[in-house]
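For reference, the structure is listed below as structure tokens.
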Amino acid sequence: MTHTLQVIVLLAIAPALQGVLAALRARLSGRPGPPVIQPYRTLRKLLNKEALVPAHTSIVPLLAPGVALGSTVTLAILVPPIAHGRLSISSVLAIAFTLALGRFVLVVAALDTRSAFAGMAASREMLFASLTEAPLILALATSQLGSDLFGSLLASAGFLIIILAETARMPVDNQETHYELTMIHEGMLLEYGGPPLAALTYASYVRQAALFVLAALLLPGGALVACGAVVTIAVIVPVIERSFAKMRLFEVPTLFVAALILTLASIAIRIVGVGA
Amino acid sequence: MPSVISSGKWSHVKLKRRVVTHALFKSLLFLGAGSIAERYGTTDIKHLGGVFRALRLSGPLLAIGCMAATALPPTSGFTSEFAVFTAFVRALSVGPELLRLTAAGALALLATAAGLAAIAYVCVFGIGLLGSRRGKRARGNERGDWSLLGIAMLALGILIIGIAAPLLVVPLATITLAIIPSAHLALAHPPIPPAAIAALPVLGGLVSLAALRHMRAVPTWTCGSPVSKRAQYTATAFAHPVALVFRSFVHPVRNIALRASGSRWFPKSMVYTERIRYVVDEAMRSLTAFGQRLALRARILQGGLLRVYLGYAMLALIAVLLFAR
């Protein structure tokens with residue numbers, strides 16, 4: 001029951017979270033910024049538009065919005081109840097594979113549109129995905145080990161780097177620009193408009209919200225700690241975005257190696273028991 | 001540690017499921033490559049594209065094979081990979097410390113390998129099968145004859161095992177029990193099939209297909225420039241960033257030759273070649289070559305002369321006498 005409620009709340013407030021992050025980022029750069037409910041307005045605007053589909057393609061780009069949305073809703077369901085939030089082994093892996101499914105269908109759909117921008121974005125997305133796979137699974141797998149504050153913090157820090165990559169944020173990608181040459185995630189969505197784009201945009205909001213909650217659940221403690229951690233992450237992420245310039249494409253893997261080291265260290269500390 | 005032992009027996013079952021899965025999707029990909037080769041006269045991704053739409057039957061079946069190779073739900077590739085990863089994550093918290101640390105490292109390597117395999121199969125699917133044809137015209141039509149039945153059966157097997165993974169557990173566990181008679185396998189063990197996570201995505205896909213099917217189709221936008229077949233992303237371009245990131249393993253060498261026509265900014269033609277070296281393979285090859293040379297040297301000992309062998313026997317006897325005194 002609480003789980004169902006949590007899924008509904010997560011699905012409902014995911015756009016608001018995006019709005020809060022955008023507002024904070026704008027404040028940090030000294031702009032008034034958009035209102036917090038702006039993402040809802042964006043979705044409404046897109047839903048009222050006509051759906052256009054790319055011609056001369058197979059059915060894959062038509063399947064993609066639904067598959068991507070379905071897999072993110074599955075992701076939201078896989079997030080364990082925040083009150084007694086411990087990930088089970090199967091949900092650790094189910095989360096990783098669900099993310100992979102959503103990404104796969106977007107990437108192949110992007111390649112099917114034959115747009116060179118989409119192709120470039122797809123190539124970069126897959127490169128980053130292959131490098132974030134290991135830290136992602138390791139960070140989630142730390143939930144299977146004993147609770148140790150220092151180790152948990154390391155795992156959460158590693159997971160935060162993964163979040164920056166998965167939600168297309170600053171040192172890795174830039175959400176604010178629609179400049180094709182720099183886009184990674186957005187570049188794959190270039191050929192969509194109207195309701196399909198609304199589905200894909202909403203899917204990325206939900207994925208972001210689910211990942212934030214997962215990062216919070218890596219820390220020991222009850223529901224209160226987890227809620228506090230979500231708020232903290234929501235503050236940290238815009239600060240990171242404003243503190244760093246976008247990294248060069250081929251320097252980004254260094255960031256993922258850092259995430260891998262953090263998560264491996266977190267596991268090693270808990271296995272050997274240095275922190276205990 | 002009874003739990004470790006019993007999970008070891010389960011790994012035997014899982015291992016066999018992995019073997020069955022690989023047998024299915026690799027056969028499928030080979031057969032699919034065959035039907036591509038028959039129609040297009042090539043299996044080089046550089047010249048392919050549009051296969052999914054052109055081969056109405058084997059195209060989608062090949063897509064299932066690619067999804068299984070990428071370990072995506074609801075294919076059997078997913079369920080078997082899921083089981084392997086589960087074993088490694090479980091190994092993080094059971095057993096001696098060294099083993100657990102090794103499991104963490106192995107998990108990292110396994111995940112990265114899975115990610116790189118995903119790049120390869122996304123390239124096969126997205127660039128080889130989707131998009132538009134890059135090379136010359138295809139010959140003839142797809143042969144809609146019984147030869148497709150094989151591919152279809154393999155694809156069906158991949159989906160059935162993927163969706164109903166527990167069904168396969170009982171026969172495979174029987175084999176395990178035959179090999180390891182002392183094994184006690186609780187056959188009620190497998191919970192909900194993990195492929196259940198594909199339920200919503202598949203449903204969503206069908207809904208969006210039904211909804212978008214009759215929507216107005218417009219040419220690909222790409223910032224307003226018309227999309228030509230030749231401007232499509234190629235496999236070389238797709239894999240290039242990966243080659244650059246892993247440059248210490250593959251040493252990519254890029255070579256762009258421009259044929260100038262008066263101005264160097266408007267070349268007449270351009271030839272792009274990229275070569276990669278398999279550094280690990282090369283290292284292994286030079287290691288084996290060294291071993292071979294060493295073996296050749298060692299053959300001098302085996303001269304084939306009776307008196308030499310008698311001499312060895314005498315030396316051995318002296319050594320034994322000296323040390324066993």
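First the proteins, then the strands, lettered A, B, ... as listed; each starts at 1. These numbers come from the heavy atoms of this one structure, side chains and all, not from hydrogens, waters or symmetry mates. Model, not experiment: these values are computed from the prediction.
- In this structure, chain B has a heavy atom under 4.5 Å from the side chain of A:F250, while its backbone stays farther away.
- Residue B:A237 touches chain A through its backbone alone, counting heavy-atom pairs closer than 4.5 Å.
- No part of A:P135 comes within reach of chain B, as not one of its non-hydrogen atoms sits under 4.5 angstrom from that chain.
- Chosen from B:P201, B:S208, B:C66, the residue pairing most often with chain A at heavy-atom distances under 4.5 Å is B:P201.
- Note that CG of A:D112 and CG of B:L130 are 4.0 Å apart. Values are rounded to the nearest 0.5 Å.
- Here the side chains of B:W221 and A:S115 are not in contact, with every heavy-atom distance at 4.5 Å or above.
- Chosen from A:L62, A:T74, A:V53, A:V108, the residue pairing most often with chain B at heavy-atom distances under 4.5 Å is A:V53.
- The CG atom of B:L110 sits 8.0 Å away from the CD1 atom of A:I137 when rounded to the nearest 0.5 Å.
- Chain B forms the most heavy-atom pairs under 4.5 Å with one residue out of A:T98, A:T57, A:V73, A:V107, and that residue is A:T57.
- The contact between A:L93 and chain B is made by backbone and side chain atoms together, counting heavy-atom distances below 4.5 Å.
- Looking only at side-chain heavy atoms (C-beta outward), B:V245 and A:S130 stay at 4.5 Å or farther from each other.
- Between chain A and the options B:L244, B:L129, B:L203, heavy-atom pairs under 4.5 Å are most frequent for B:L244.
- The nearest pair of heavy atoms linking A:S123 to B:Y233 is CB-CE2, 3.8 Å.
- For B:P219, the part lying near chain A is the backbone, with the side chain staying farther off; criterion is any non-hydrogen pair under 4.5 Å.
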### Query
Can B:M215 and A:L52 be said to form a side-chain contact (heavy atoms from CB on, under 4.5 Å), step by step?
CA-CA 6 Å; B:M215 289 297 158; A:L52 295 176; over 6 Å; no
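- When the candidates A:L249, A:T113, A:L260 are compared by the number of heavy-atom contacts under 4.5 Å with chain B, A:T113 comes out ahead.
- Contact of A:A68 with chain B is not made at all, since no heavy-atom distance falls under 4.5 Å.
- For the set B:V89, B:I119, B:V218, the count of heavy-atom pairs under 4.5 angstrom toward chain A peaks at B:V218.
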### Derivation of the side-chain contact (heavy atoms from CB on, under 4.5 Å) call for A:V67 and B:V202
CA-CA 6 Å; A:V67 176; B:V202 169; over 6 Å; no
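- Both the backbone and the side chain of B:F85 have a heavy atom closer than 4.5 Å to some heavy atom of chain A.
- Closest approach of B:P241 and A:L127 over heavy atoms only: CB-CD2, 3.7 Å.
- Distance check, rounded to the nearest 0.5 Å: OG1 of B:T102 to CD1 of A:I271 gives 9.0 Å.
- Heavy-atom distances place the side chain of A:L131, and not its backbone, under 4.5 Å from chain B.
- Note that CG of A:L111 is 5.5 Å distant from CZ of B:F238, once rounded to the nearest 0.5 Å.
- The two residues B:L101 and A:A268 have their closest heavy-atom pair at CD2-CA, 3.8 Å.
- Ranked by heavy-atom pairs under 4.5 Å with chain A, the first of B:Q232, B:R213, B:H240 is B:Q232.
- A:L138 CG to B:L107 CG: the interatomic distance, rounded to the nearest 0.5 Å, is 5.0 Å.
- Counting only N and O atoms by type, the side chains of B:S132 and A:R114 include a donor and acceptor under 3.5 Å apart.
- Looking only at heavy-atom pairs under 4.5 Å with chain A, the residue among B:G115, B:A211, B:G131, B:C123 that has the most is B:G131.
- Proximity to chain A (any heavy atom under 4.5 Å) is shown, for B:A210, by neither the backbone nor the side chain.
- By number of non-hydrogen pairs under 4.5 angstrom with chain A, the leading residue of B:T70, B:V207, B:L92 is B:L92.
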### Message
Let's go through A:I267 and B:R100 carefully: what are the C-alpha distance in whole Å and the side-chain angles of both, what is the deciding distance for side-chain contact (heavy atoms from CB on, under 4.5 Å) to 0.1 Å, and is it a yes or a no?
### Response
CA-CA 9 Å; A:I267 291 179; B:R100 292 164 68 186; over 6 Å; no
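- Heavy atoms of B:R53 lying under 4.5 Å from chain A belong exclusively to its side chain.
- Interface remark: B:A118 contributes backbone and side-chain atoms alike to the contact with chain A (heavy atom separation under 4.5 Å).
- Checked against the 6.0 Å centroid criterion, the rings of B:F125 and A:F104 qualify as a close aromatic pair.
- Heavy atoms closer than 4.5 Å to chain B are found in the side chain of A:E191, but not in its backbone.
- When all heavy atoms of B:T220 and A:P54 are compared, the pair lying nearest together is OG1-CB, 4.4 Å.
- When heavy atoms are compared at a cutoff of 4.5 Å, A:A129 does not approach chain B at all.
- Taking the side chain as every heavy atom from C-beta outward, A:L101 and B:M67 approach each other to under 4.5 Å.
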### Query
What do the steps show when you test B:L200 against A:I77 for side-chain contact (heavy atoms from CB on, under 4.5 Å), and what is the final call?
CA-CA 11 Å; B:L200 278 178; A:I77 296 171; 3.8 Å; yes
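- Contact of A:L78 with chain B is made through the side chain alone, with heavy-atom distances under 4.5 Å.
- In this structure, B:T112 OG1 and A:E133 CD are separated by 8.0 Å, a value rounded to the nearest 0.5 Å.
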